[in-house]
Amino acid sequence: MFYVFLDSLGNSGVTPAMFTNCINNLNKYFKPICIKFENCSTKYIPQHEYNKWDKPNHEDKMTGNYNYFTPKTINIYLVNFIVNPGENAYTYMPGVPNGK
């Protein structure tokens, strides 16, 4: 499931072609181990202040509000910028809340 944060004008900055390209790339790289991805849902979040993602200050609130449990689903949050130095993206292992 993709969660896309909208900017102050209500724009996402992410096109359907970008989603398709992302999924196609994932499938290409994971095909050798028989894993296939698809975009089962996209939720647009009109809270532009979170588009400049500050992990320690935003993560708990936003994942608490928008991290719905759906079996066999990976939640992907798309923002314009991650504040934390050296990070363009990050993840946690399944079953380990916020890597703790």
Side-chain angles (χ1 to χ4, degrees):
M1 174 176 252
F2 285 99
Y3 294 94
V4 181
F5 289 87
L6 302 177
D7 66 19
S8 61
L9 299 174
N11 299 313
S12 71
V14 180
T15 66
M18 290 173 169
F19 286 122
T20 300
N21 188 46
C22 176
I23 298 299
N24 288 342
N25 282 331
L26 284 168
N27 287 331
K28 174 183 161 186
Y29 291 109
F30 282 86
K31 185 177 182 175
I33 60 171
C34 300
I35 294 176
K36 184 177 180 185
F37 296 87
E38 62 183 52
N39 181 8
C40 60
S41 181
T42 302
K43 183 170 182 76
Y44 294 92
I45 302 171
Q47 292 183 295
H48 68 277
E49 63 273 17
Y50 296 105
N51 242 333
K52 189 173 181 181
W53 190 261
D54 183 2
K55 184 176 170 181
N57 294 314
H58 297 158
E59 184 175 271
D60 287 342
K61 180 178 181 185
M62 296 318 297
T63 57
N65 288 340
Y66 297 104
N67 195 14
Y68 303 108
F69 177 75
T70 305
K72 300 181 183 178
T73 300
I74 297 171
N75 294 315
I76 300 172
Y77 296 85
L78 300 174
V79 297
N80 287 340
F81 182 77
I82 297 177
V83 174
N84 305 77
E87 290 185 356
N88 292 319
Y90 64 94
T91 187
Y92 300 115
M93 293 297 295
V96 181
N98 296 355
K100 297 174 186 166

Applying the side chain to side chain contact (heavy atoms under 4.5 Å, CB included) test to Phe2, which of Ile74, Ile76, Val14 qualifies?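 Exactly one pass, corresponding to Ile76.
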
Nearest 0.5 Å, please: how far is [atom2] in [Y] from [atom1] in [X]?
{"X": "Leu6", "Y": "Ile45", "atom1": "CG", "atom2": "CD1", "value": "8.0 Å"}
{"X": "Lys36", "Y": "Ile23", "atom1": "NZ", "atom2": "CD1", "value": "10.5 Å"}
{"X": "Phe19", "Y": "Asn24", "atom1": "CZ", "atom2": "CG", "value": "13.5 Å"}
{"X": "Tyr44", "Y": "Leu78", "atom1": "OH", "atom2": "CG", "value": "9.0 Å"}
{"X": "Thr42", "Y": "Met1", "atom1": "OG1", "atom2": "CE", "value": "8.0 Å"}

What orientation do Phe30 and Phe37 show, parallel under 30°, tilted 30 to 60°, or perpendicular over 60°?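 Rings of Phe30 and Phe37: perpendicular, over 60°.
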
